[in-house]
Structures are given as C-alpha cells and as structure tokens.
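Predicted, not measured: the structure shown is a model, and the values here were computed from it. All values below come from the heavy atoms of this structure, side chains included, with hydrogens, waters and symmetry mates left out. Order of listing sets the numbers, starting from 1, for every ligand and every atom in it.
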Amino acid sequence: MAGAKNSVLKLMAAALLAEGTTVITNCPAILDVPLMADVLIGLGCSVELTGDRATITTPAELSHEADFPAVGRLRASVCVLGPLMGRCHRARVALPGGDAIGSRPLDMHQSGLRALGATMSIEHGMVVGQADQLRGAQIGLDFPSVGATENILMAAVLAQGTTVIDNAAREPEIIDLAAMLGQMGAKIVGAGSATITIEGVEALHPTEHRTVGDRVVGGTWAFAAGVTRGSVVVHGIDARHLAAPLERLLQAGAAVDVLDDGFAIEMPRRPRAVDFITMPYPGFPTDLQPMALALAAVADGHSLITENVFEARFRFVDELIRMGADARTDGHHASLRGRANLSSAPVWSTDIRAGAGLVLAGLVAEGITEVHEVGHIDRGYPRFVEDLQSLGAQIERVAG
Ligand code: UD1
C-alpha cells in the first residue's frame with residue numbers, strides 16, 4: 001500500500017516551512033503529487049519526483065503568491081496557505097478546484113489564521129492573508145475540519161507563543177503531519193486527539209519523512225472484497241486506521257484478520273445489509289461512503305446511509321440507480337434495498353471516490369460496465385486497474 005494522498009500533499013506543503021532539502025518517501029504514484037509539485041515550484045521550490053521519493057528544496061525567499069493553473073486543479077493546494085503565513089507572514093492563494101462533492105468553504109481556515117493575528121480576506125478569487133507577526137492563540141473549531149486543522153497547525157508552528165486548537169481533526173493524516181513537523185523541530189502535543197497544543201519556534205529545519213499508508217485505498221480494497229464476495233490481503237497500512245469500516249464489514253458478514261502491517265478480509269456470502277453514518281475520524285470516513293453504497297446496493301436487506309460531512313456526495317447514487325440499484329435519497333440520507341444483481345450501464349464518475357465506488361459496483365453487475373471520467377480515479381489511486389486485475393477482476397482501461 002502506497003502512502004496516503006491526503007497525507008502526502010500536506011507533507012509536501014510542510015516542506016515550505018524549512019529552508020533546505022526535505023525528502024518525503026512512500027509517495028503514491030497519483031496525479032495529485034506532480035500537481036502539488038507544480039504548486040511548490042510556482043512558489044520558488046525545486047522538486048524532484050523519483051520513484052516513491054519527493055525531494056523538495058525550499059529557498060530562503062519564497063514567493064507568497066500561488067495563482068497558476070496547478071492551484072486551480074488541486075483542492076489540496078489550499079494547504080500552502082498555513083505554511084506561507086507561517087514562513088512569509090503573507091499569502092495570496094487562488095481558491096482551488098477539486099472534487100464536486102459539495103461546498104468546501106474556507107471560513108474555519110480564515111478564522112483560525114485571524115486568531116493568530118492575520119488579516120484574511122477573499123479578493124478576486126484569491127484567499128489573501130497578511131500579518132506583521134503571528135501570535136499563539138486559543139482556537140476552537142466549529143467542526144473538526146481536516147484542512148483547517150492542518151493550515152492552523154502549519155502556521156502556528158512558527159508563531160510566537162502557544163496555540164491550542166480545540167475540536168481539532170483527529171485523522172491519522174494529522175498525526176503524520178504533526179510527526180513530520182516534530183522531526184523538523186516543531187513543538188506539538190496532542191495530534192490525534194481533539195486538542196492540539198503547539199509552542200511556536202523560531203525556525204524549522206528540513207527532514208526526511210515516510211508517508212503513512214493510505215487507509216482510504218486500503219478500505220476500498222476491503223469493500224471490493226465485500227461487494228464481490230471475494231478475499232483480499234492488504235499490506236502497508238495500520239488496520240486500526242480502518243477500525244470503523246472493518247467493523248461494519250464484519251457486521252455485514254466478512255471475516256477479518258488484523259495483520260502487523262495491514263489486514264486480510266474475506267466475504268464468504270452475500271453481504272448482510274448494514275447502516276453507515278459518515279463522521280469525522282474515528283467515525284466512518286466520508287471517502288469510503290461510495291464504497292459503502294456499492295455494498296448496500298447488493299446486500300441482503302435494507303441499508304440506511306447517512307452523509308454528515310459532504311452534502312453533495314449522493315450524486316453518486318443516481319449513477320448506481322442506472323445500474324439497477326434500488327435506492328432513494330432524502331437530504332443527507334440514502335436508503336437502499338439490496339438487489340441480488342446489478343446490471344451494467346454506462347456511468348460517470350464525479351470525483352475520485354465515486355469513480356472507485358462505481359468500479360466496485362461494475363465488478364458485480366451483469367454485463368460490461370463502462371465507467372467514464374476515470375481521470376478522477378488517477379488523482380487518488382495508484383495502479384487502480386492493475387491492482388484489480390491482479391485480484392482477478394475483469395477490468396480494462398480503454399481510454400482517458
Ligand atoms: C479532507 C480530505 C477529503 C476528506 C475530508 C473529510 C484532503 C486533501 N482531503 O478534505 O478527502 O473527505 O478531509 O475527511 O485531505 N468546512 C467548512 N469550513 C471550512 C472548512 C471545512 O464549512 O473552513 C466543511 C466542509 O465544507 C465539509 C466539512 O467541513 O463539509 C469537512 O471538511 P474538511 O474536513 O475541511 O475536509 P477537507 O480538508 O477539505
């Protein structure tokens with residue numbers, strides 16, 4: 001299992017915080033990594049991507065303005081905001097593009113940076129920040145936003161004094177980022193809990209850091225076993241990071257063995273219907289919600305799926321209905337009566353995870369399913385088709 005997309009992009013941004021050469025290993029071969037490299041290059045870094053290594057050299061003087069094509073193509077580019085504020089005390093970052101999974105405002109990113117003493121505004125499609133000096137502060141987030149926690153963290157490491165983030169996101173990727181920042185000389189306590197305390201330091205130094213394994217990709221393979229009544233062994237991730245999804249799959253009838261560096265899963269029968277409620281970590285991840293819907297579409301019985309993180313993620317349900325799923329949505333609930341069989345249809349991915357979920361449904365649909373817009377999948381899954389082929393799937397990449 002390669003490193004996590006949702007970690008590596010932030011680790012790359014963190015390299016902006018220290019002058020010199022930072023090395024990040026276990027980088028996944030996904031499209032978003034070279035896009036993030038372009039963002040860093042636009043800010044004045046040099047970046048070399050070889051195999052699973054990103055070597056990033058950050059100059060003494062950085063540009064504080066990120067407004068070039070790569071920024072618009074990558075939602076995670078907004079995570080350069082915190083490092084730029086920390087390092088340069090000013091930033092102009094174009095509002096990013098990314099997935100069509102619902103509105104993704106930046107109010108908590110901005111209010112957190114304001115609490116640290118910055119003035120923040122949105123001007124002509126750019127987030128603009130300016131500060132004479134960042135000062136530590138007590139910050140309570142309204143929702144444990146992953147991106148806001150990361151940006152505040154990356155600004156606070158170079159602020160004067162102590163910052164406390166309450167209701168912080170607790171995702172393993174936050175722990176990974178805090179670990180790398182700690183290796184760079186930052187003083188952070190509590191990453192992985194709801195309260196993170198950061199004592200600002202004068203400067204950070206470069207480091208070498210290995211990206212945590214991708215729990216969402218690992219979870220996708222777990223659901224692939226569940227949907228197809230197959231078996232999969234996943235190495236290179238910490239199964240504890242998937243406690244909630246594996247627990248649900250157990251309830252659906254799977255046998256799960258936790259390994260030192262992953263897990264083995266087998267679904268010996270048609271899955272039983274189970275309910276899913278997406279929540280911030282350690283709850284069931286919204287990024288695996290499409291896979292849960294694919295499972296519910298073929299499960300024995302009625303499932304209720306509740307989406308609490310991104311409201312527009314249920315667009316995916318319409319595609320599943322094209323494949324014969326018996327599903328309806330109402331607000332942030334989707335209700336499915338599982339069918340013994342789905343039928344193939346041409347379907348369109350709307351984002352990375354929806355694309356993967358459609359492929360899982362296609363694996364068990366009668367006939368040949370054509371999944372369009374698969375470029376989305378390349379943004380988050382290295383070797384997606386090849387890995388499925390090696391698991392015995394009949395899948396072929398024909399274009400795009
Ligand atoms: C990250 C992940 C994404 C994952 C999500 C939730 C990356 C690159 N992406 O996205 O795959 O699905 O976490 O686990 O790491 N919100 C606000 N105001 C803000 C910030 C967020 O209202 O200032 C809302 C969002 O609209 C959303 C919710 O908070 O409804 C969660 O967003 P957040 O945790 O920030 O997700 P991202 O960091 O964008």
Report task. Return the orientation label for the Trp221 and Phe384 ring planes: parallel under 30°, perpendicular over 60°, tilted otherwise. Result ->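 Judged by the thresholds at 30° and 60°, the geometry between Trp221 and Phe384 is parallel.
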Hits for side-chain hydrogen bond (donor to acceptor under 3.5 Å, both in side chains) against Ser145, two or more places apart or cross-chain, chain-then-number order -> none
For ligand 1 and [X], I'd like to know whether there is a polar contact (N/O to N/O, distance under 3.5 Å).
| X | value |
| --- | --- |
| Met108 | yes |
| Gly147 | yes |
| Asp107 | yes |
| Asp287 | yes |

Return yes when Pro105 approaches ligand 1 closer than 4.0 angstrom through a heavy atom, no otherwise.
-> yes
Which bit of [X] is near ligand 1, meaning a heavy atom under 4.0 Å away: side chain, backbone, both or neither?
| X | result |
| --- | --- |
| Val309 | both |
| Glu173 | neither |
| Thr286 | side chain |
| Leu106 | backbone |

* Asked: Salt-bridged, Asp176 to Arg210, with N to O below 4.0 Å?
  -> no
Check: Please walk me through it: do Asp326 and Leu336 pass side-chain contact (heavy atoms from CB on, under 4.5 Å)?
Finding: CA-CA 6 Å; Asp326 182 356; Leu336 289 92; over 6 Å; no
Checklist entry - Side-chain contact, heavy-atom cut-off 4.5 Å: Arg53 with Val23? => result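 Side chain of Arg53 against side chain of Val23, heavy atoms only: contact under 4.5 Å found.
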Q) Stepwise, does the salt bridge (Lys or Arg N to Asp or Glu O under 4.0 Å) test hold for Asp238 with Arg240? A) CA-CA 5 Å; Asp238 184 339; Arg240 286 171 299 183; 2.8 Å; yes
A student comparing Cys79, Pro144, Ser145 should find that the heavy atom closest to atom 35 (O) of ligand 1 comes from Ser145
Solution key, residues 362-373 side-chain donor-acceptor pairs under 3.5 Å, sequence neighbours excluded:
unit_1, atom_1, unit_2, atom_2, d
Glu370, OE1, His372, NE2, 3.2

